[in-house]
Every structure is written in structure tokens, then in C-alpha cells.
S.K.: 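Okay, handing you the structure first.
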Amino acid sequence: MNRNKTIGAVLAATLMVNSMPFVFADSSRVVTMAADLTPQQQEAILKYFGVNNKSEVEMVNVNNQDERHYLEGVANEAQIGNKTYSCCYIEPTKAGSGVNVRTANLTYVTANMISSTLMTAGV
């Protein structure tokens, strides 16, 4: 995945999780799952996140139309592309512990960039 697509995916996931009223990351674990992953890839992502059963978490499915909606005016066509592959996992922490971010398979976006974006978005 190129760096522009990665930035767009991180922004989209952040904006979507923050904008959806039914997702309360402060009280439950949340997984955003990319629509263009195969069922085997989705299972691998859940395993990587330590989720044994989808019922353990709030599942938010993210597709290319969602990215386009939330990134309108923020990212251009080349950055958004036409497939969605990025996923994220959000887990509540103790009050006052701040935002802790770990990344995997990102080549341009850093944990600090994601953390800053999440804090700016009010997560």
C-alpha cells in the first residue's frame, strides 16, 4: 500500500469511528473491518487483534464509499483509490492514560501521527 493510500485509510478509519454515534470506544472494543478483504484475511485480522469472536467487539465495516464520504475535500482521488484494505482496533484504557497507538505494516504514517489525529478528533 502506498503512503498516500495509508494516510487516507488512517484518516477515514479515525473519522468514521469518531463520527458513528453507535460506537463508544470508551466503553467497548471496536474493530473497523475493510470491505475488500477476503473472509480469510478478515479472520486473520481478528486473530491478530486478539478477537476470538465478532460478538466480543463492536464491528464497523468500512467500504470505499465510506472513505469517499469522510475524506471528501481532505484526500484526492488517487489517495482514496477504489479498494479499502485498512483495519483498526480500538480498546478503552483507564481514564487519564491518554492515547496509546501501535502500528503494523505502515510505511509512512507513524504511531505519533495517528495518536495526534485521534486526539484532534476527540477520541
S.K.: Report the residues that fulfil side-chain contact (heavy atoms from CB on, under 4.5 Å) with Asn112, sequence neighbours left out, ordered by chain and then residue number.
M.R.: Thr110

S.K.: A side-chain contact here means heavy atoms from C-beta on lying under 4.5 Å apart; do Asn100 and Thr93 qualify?
M.R.: yes

S.K.: Could you check if a side-chain atom of Leu37 sits within less than 4.5 angstrom of a side-chain atom of Cys87, using non-hydrogen atoms only?
M.R.: yes

S.K.: Could you give the distance from OG1 (Thr32) to CG (Asp66), rounded to the nearest 0.5 Å?
M.R.: 10.5 Å

S.K.: Do Lys47 and Phe49 have side chains that get closer than 4.5 Å, going by heavy atoms?
M.R.: no

S.K.: Whether the Glu56 and Asn53 side chains hold a donor-acceptor pair (N or O, under 3.5 Å, no angle test) is what I'd like checked.
M.R.: no

S.K.: Looking at every non-hydrogen atom in both residues, tell me the closest pair between Gln41 and Asp36 and how far apart they are.
M.R.: OE1-O, 4.3 Å

S.K.: Which value, rounded to the nearest 0.5 Å, describes the distance between Met33 atom CE and Ile45 atom CD1?
M.R.: 6.5 Å

S.K.: Looking only at heavy atoms, which two atoms of Val101 and Ala111 are closest? And how far apart?
M.R.: O-CB, 3.6 Å

S.K.: If you take all heavy atoms of Gly81 and Asn64, which pair is closest and at what distance?
M.R.: O-ND2, 3.2 Å

S.K.: Using modelled atom types only, decide if a donor and an acceptor are shared between the side chain of Thr120 and the backbone of Ser116 within a distance under 3.5 Å.
M.R.: yes

S.K.: Between Ser28 and Glu58, what is the shortest heavy-atom contact and its length?
M.R.: OG-CG, 3.3 Å

S.K.: Between Tyr89 and Val31, what is the shortest heavy-atom contact and its length?
M.R.: CD1-CG2, 3.7 Å

S.K.: Taking all heavy atoms of Lys54 and all of Met59, pick out the closest pair and write down the distance.
M.R.: O-CG, 4.0 Å

S.K.: Sorted by first residue and then second, give each salt bridge (charged side-chain N to carboxylate O under 4.0 Å, His left out) pair with at least one member in residues 68-80; sequence neighbours left out.
M.R.: Arg68-Glu77

S.K.: Any chance you could measure Glu67, atom CD, to Asn82, atom CG, to the nearest 0.5 Å?
M.R.: 10.0 Å

